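Everything on this sheet refers to the single structure shown next.
Numbers restart at 1 for each chain; the letters A, B, ... are given by sequence-line order, proteins then strands. Here the structure is a predicted model, which means the values were calculated and not measured.
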Amino acid sequence: MPSRFSSLLLQWYDKARRDLPWRGEEDPYKIWLSEVMLQQTQVETVIPYYIKWVERFPSIESVALATQDELLKFWEGLGYYSRCRNFHKACKIVASKHGGKVPAEWETFLSFPGVGEYTAAAVLSIAFHQPYSVIDGNVKRVMARLLAFSEIVEKGTALFEEKLDKWLNQDRPGDFNQAMMELGSQICRRNEPRCFECPVESFCKAKAEGNPAVYPNIPKKKERPHKTIVAGIIWNDGKFLIQKRPDAGLLGGLWEFPGGKVENGEALDNTLVREIREETGLIVEPGNKVGAVDHAYTHFSITLHLYHCKLSKPLKDNGAFDKHRWIQPEERSQFAFPGANHKLFQILESQTWTDHE
DNA sequence: AAACCGTGGCG
DNA sequence: TCGCCAAGGTT
């Protein structure tokens, strides 16, 4: 017998739900993909990425066979690139050890790289109709208000789980979970919750108290330091040098212009020559400035300056380093350049690439 | 446990 | 303008 709570919630959901590309999808791979893309990312942002990805990579096997570079190119701009690398690894595991079929078993699925409790519960409930409840940012906010939970919300999940398992609709666990998240994003919003449209208002202790928006209680975040970065577009014979970042850490596996951080009081051209020598072994002469862009990452922000450069000494060999490539401007579209570097390309392309001559 | 990991939108 | 945050996971 479904709970009164889930009946009211699903009645609202059936009427109000949006038509999304992955709604009603039967293929567990596509549900999984959508859940990975949706991590910390809003629905409207994900939609175009999801559509293009599925068109190019229609199956687990197609992902398993792809190169990381091509996958990252499709992920370019979506952020949190470890999601893409981990999804690639996980698809390879599914292809090689599970016959290409997404395992419908909790422990197995949870063991995959990039799959945590949220993603496991979401995929198993939506794609396989198993009775796992999800707890994401939306659900935390909804539950904190329903229960008038005043502690820091990170520590509230055990209580939330207990309550959700009682309310979960066993026949439609996937829809119940999506309804809870939809309720959080559309009705029980962080600011100005629309309680007058809420199907479960009668269950809400925070509403009864009078000011639901005081929940949830979130700790303040640290402020981000600011860095100044200089990079060079190093020309040689009509080509310029790009370098691949290490797989782990910030923007792992993606491409950038060689360069680095300005030390205290250091002149920009000095930084440029020093960093390029350290990273590539090349000695360069800074030339015209391309421009500068501001960009904010999760834990710091930067101003990135870009200069055209020429080599002080001609290359001895063909200049093929391990993590470096000499490419022509037309080849730029094959490589994923996220964040600040992406903004620099927009400036470069508006300058028709010839201003360094 | 607390930091780290992107980006775009919003008030 | 700027701090905050969104369908989290890993170390």
key: Atom P, compared across B:dG9 and C:dG9: separation rounded to whole Å   = 24 Å

request  = Please figure out whether A:Ala340 or A:Asn191 has its closest DNA chain B nucleotide nearer the 5' end.
outcome  = A:Ala340

inquiry  = I'd like to know whether A:Val290 forms a side chain to side chain contact (heavy atoms under 4.5 Å, CB included) with A:Leu344, so could you lay out the CA-CA distance, the side-chain angles of the two residues, the decisive distance to 0.1 Å, and finally the verdict.
reply    = CA-CA 8 Å; A:Val290 175; A:Leu344 289 179; 5.5 Å; no

inquiry  = Which Ile, Leu, Val, Met, Phe, Trp or Tyr residues join A:Val214 in one cluster when any pair of side-chain heavy atoms under 4.5 Å counts as a link?
reply    = A:Tyr215

inquiry  = Can you check the distance between B:dA3 and C:dC5, where both ends of the measurement are the P atom (answer in whole Å)?
reply    = 16 Å

message = Closer than 4.0 angstrom, basic N to acidic O: yes or no for A:Glu256 and A:Arg245?
response = yes

ask   = For A:Gly77, which contact category applies under a 4.0 Å heavy-atom criterion: base, sugar-phosphate, or nothing?
value = sugar-phosphate

task = Taking the six-membered ring for Trp and the full ring for Phe, Tyr or His, determine whether the centres of A:Trp32 and A:Phe109 are under 6.0 Å apart.
result = yes

key: Terminal contacting nucleotides, 5' and 3', DNA chain B versus chain A (heavy atom, 4.0 Å)   = B:dA3 to B:dT7

query = Taking only residues two or more places apart in sequence or in another chain, which ones pass salt bridge (charged side-chain N to carboxylate O under 4.0 Å, His left out) with A:Glu209?
reply = none

query = What is the distance from atom CG of A:Asp322 to atom CD of A:Gln243, rounded to the nearest 0.5 Å?
reply = 11.5 Å

key: C1'-based separation of B:dG11 from C:dA7 [nearest Å]   = 22 Å

ask   = When you look at CZ of A:Arg189, are more than 12 heavy atoms from neighbouring residues, nucleotides or ligands closer to it than 6.0 Å?
value = yes

message = Using a heavy-atom cut-off of 4.0 Å across all strands, would you classify A:Leu251 as base, sugar-phosphate, or nothing?
response = sugar-phosphate

query = Any salt bridge between A:Glu76 and A:Lys73, counting N to O under 4.0 Å?
reply = yes

query = Considering only heavy atoms, which members of residues 222-230 of chain A lie under 4.0 Å from some atom of DNA chain C?
reply = none

Contacts of A:Asp14 that satisfy salt bridge (charged side-chain N to carboxylate O under 4.0 Å, His left out) - sequence neighbours left out = A:Arg172

remark   = Protein-proximity profile, nucleotides 6-11 of chain C, B/S/- by nucleotide at the 4.0 Å heavy-atom cutoff, equals BBBSS-

ask   = When the C1' atoms of C:dA6 and B:dG6 are considered, how many whole Å apart are they?
value = 12 Å

message = Work out how far the C1' atom of C:dT1 is from that of B:dG8, and round it to whole angstrom.
response = 16 Å

message = Nearest 0.5 Å, please: how far is CD1 in A:Ile242 from CZ in A:Phe335?
response = 4.5 Å

Ionic contact status for A:Glu331 with A:Lys239, cut-off 4.0 Å = no

request  = Scan A:Thr298 against the nucleic acid and name what it touches under 4.0 Å (heavy atoms): base, sugar-phosphate only, or nothing.
outcome  = base

